[in-house]
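These figures come from a predicted structure and were not determined experimentally. Reminder, nothing fancy here: chain letters follow the sequence lines and each chain counts from 1. For the numbers below, each heavy atom of this structure counts, side chains included, while hydrogens, waters and symmetry mates do not.
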Protein chains: 2
Amino acid sequence: MESFDLSTFLPYRLAILSERISRRLALEYGRSHGISVPEWRVLVHLARSKQASVREIHSYANLEKPRVSRTVAKLQAAGMVRKVTGKQDSRLVEISLTEKGQTVLGEILPAALEFEDRLVQALSAEEHAMCIEIAEKLHAVLDDDPLAPMRSQLDTPD
Amino acid sequence: MESFDLSTFLPYRLAILSERISRRLALEYGRSHGISVPEWRVLVHLARSKQASVREIHSYANLEKPRVSRTVAKLQAAGMVRKVTGKQDSRLVEISLTEKGQTVLGEILPAALEFEDRLVQALSAEEHAMCIEIAEKLHAVLDDDPLAPMRSQLDTPD
DNA sequence: TGACATTCGTTTCGATTGCAACGATAAAGA
DNA sequence: TCTTTATCGTTGCAATCGAAACGAATGTCA
């Protein structure tokens with residue numbers, strides 16, 4: 001027990017690294033446009049899917065449902081997102097980017113990609129590939145664990 | 001811009017994996033003893049250092065200073081930690097584990113280690129080593145970045 | 001010695017978080 | 001059809017969070 005070292009504990013290692021990277025990245029879109037992490041994820045997802053429900057964003061962007069709801073509301077207030085009640089099913093809302101939303105995302109994306117590139121450049125091609133494979137194997141352990149939180153669909157390799 | 005895929009974005013990948021692992025691990029000490037992540041880190045650090053100030057825990061366990069303060073107060077209220085005003089320097093407090101704190105940690109630790117072991121077992125020795133090396137290289141990128149948040153001392157290889 | 005700056009731990013404050021209801025709509029079954 | 005069940009998005013609430021401000025104690029330099 002007294003020989004236990006937090007710094008070599010894998011979950012801790014991952015948490016520290018991930019948090020540091022997230023914080024640095026958040027500066028990129030936070031300072032320039034006041035965008036938060038959840039907002040960033042919603043914008044990015046909408047750029048792909050063109051149109052999505054709260055449920056979909058929740059499932060794909062790894063955000064709790066209430067958080068998606070509030071985030072979308074905020075983005076709508078900022079004019080970056082449009083909400084339309086579903087035609088066939090009036091329970092769900094069709095969420096999509098506005099012109100402004102696309103513009104803002106277009107301004108943010110280059111810096112985000114440039115930052116990621118700096119990270120990836122620090123790794124050899126082999127390391128990068130193994131990094132992905134390792135992540136996949138760790139996810140697999142949790143997939144087999146009934147107590148582990150479910151994996152969001154986006155992250156599940158088809 | 002429309003070809004950007006969040007799921008392959010390295011910072012996102014790391015965040016998702018790390019969060020999932022953290023949540024699962026938190027169940028281990030949360031369900032059995034009502035211990036939260038910050039409390040877990042403080043306990044673990046104290047088990048090593050036997051005695052520490054708020055500042056030290058802050059620097060080594062990657063927790064904000066106010067958070068350490070509150071966490072320690074809560075642990076003290078629960079009888080797991082002892083706080084004594086410093087002898088020479090009465091600004092700092094000497095924080096240490098009580099009997100109860102050691103007992104609780106002793107009950108939590110095996111499950112935590114067993115969980116980590118399940119993760120590590122999923123990796124080959126080579127993968128495990130490379131995982132650490134990759135983390136180190138990514139940290140190095142941030143170390144060179146003036147805008148990146150500082151790295152806590154614990155995680156800095158001597 | 002006295003004025004100033006620094007460090008330590010705590011507290012305050014506004015914002016964010018997750019979880020658990022909630023109302024509204026739609027689907028399923030009797 | 002009518003009742004029941006499930007789904008969708010929202011809201012309430014209590015806890016937590018980080019950043020800044022704070023008082024207390026020490027260190028520094030004239």
Side-chain angles (χ1 to χ4, degrees), chain A residues 15-16 19-20 22-24 26-27 30-31 34-42 45-46 51-78 81-96 149-150 152, chain B residues 15-16 18-20 22-24 26-27 30-31 34-42 45-46 51-78 81-96 147 149-150 152:
Chain A
I16 296 314
E19 193 180 327
R20 194 146 97 113
S22 266
R23 271 177 190 274
R24 176 60 184 88
L27 277 185
R31 286 168 86 97
I35 301 291
S36 69
V37 173
E39 285 160 11
W40 155 256
R41 289 197 191 164
V42 168
H45 178 68
L46 288 177
Q51 178 175 316
S53 68
V54 169
R55 187 78 180 152
E56 285 168 353
I57 301 178
H58 158 66
S59 299
Y60 285 88
N62 219 70
L63 296 171
E64 296 302 315
K65 218 174 18 164
R67 194 129 70 101
V68 174
S69 181
R70 288 186 226 263
T71 301
V72 167
K74 194 177 291 183
L75 287 174
Q76 182 187 30
V81 143
R82 190 177 12 247
K83 276 171 66 177
V84 180
T85 304
K87 308 301 180 192
Q88 322 100 309
D89 190 336
S90 62
R91 282 177 306 181
L92 33 80
V93 280
E94 299 168 354
I95 303 161
S96 57
M150 213 88 69
S152 78
Chain B
I16 296 313
S18 164
E19 191 180 330
R20 196 147 98 112
S22 267
R23 271 177 189 273
R24 177 60 185 87
L27 278 184
R31 287 169 86 97
I35 301 290
S36 70
V37 174
E39 284 159 13
W40 155 256
R41 288 197 192 164
V42 169
H45 178 67
L46 289 177
Q51 179 175 316
S53 67
V54 169
R55 186 76 179 156
E56 284 167 354
I57 301 178
H58 159 66
S59 298
Y60 284 88
N62 220 68
L63 297 170
E64 295 303 315
K65 219 176 12 165
R67 193 128 69 98
V68 174
S69 181
R70 287 187 227 266
T71 301
V72 166
K74 194 177 291 184
L75 287 174
Q76 183 187 29
V81 143
R82 188 177 13 247
K83 276 171 66 177
V84 179
T85 304
K87 307 300 179 193
Q88 320 101 310
D89 190 337
S90 62
R91 282 176 307 181
L92 35 80
V93 279
E94 299 167 355
I95 304 162
S96 57
L147 285 179
M150 212 87 68
S152 78

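Taking both residues in full, the closest heavy atoms of B:P38 and B:L63 are given as O-CD1, 3.9 Å, listed atom of the first, atom of the second, then distance. Looking at every heavy atom in both residues, A:T85 comes nearest to A:S90 through CG2-O, 3.5 Å.
Computed from coordinates, the B:Q88 CD to D:dA25 P distance equals 16 Å when rounded to whole Å. Put simply, CD1 on B:I95 is 7 Å from P on C:dG9, counting in whole angstrom units. As rounded to whole Å, 14 Å separates atom P of D:dT16 from atom CG of B:L63. Rounded to whole Å, atom P of D:dC8 lies 5 Å from atom CZ of A:R55. Atom CZ of B:R91 and atom P of C:dT7 are 9 Å apart (whole Å). In this structure, B:D89 places its CG atom 8 Å from P of C:dG9, rounding to the nearest Å. Note: NZ (A:K87) to P (C:dT25) measures 16 Å, nearest angstrom.
Proximity of A:K83 to the phosphate of D:dC8: no side-chain N or O atom is located under 4.0 Å from OP1 or OP2.
With distances taken from any side-chain atom of A:V54 to the nucleotides D:dT26, C:dG9, D:dT10, the minimum falls on D:dT10.
Partner of B:V42 under the side chain to side chain contact (heavy atoms under 4.5 Å, CB included) criterion, chosen from B:I95, B:L75, B:V54, B:V37: B:L75.
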| field | Nucleic acid footprint by protein, nucleotides 11-21 of chain C - heavy-atom cut-off 4.0 Å, B for base, S for sugar-phosphate alone | value | BBB--SSBBB-

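Within the model, atoms CD1 of B:I57 and NZ of B:K65 stand 13.0 Å from one another, a figure rounded to the nearest 0.5 Å.
Using modelled atom types, no side-chain atom of B:E19 and backbone atom of B:I16 make a donor-acceptor pair closer than 3.5 Å.
A 4.5 Å side-chain heavy-atom check between A:R55 and A:L92 finds every atom pair outside the cut-off.
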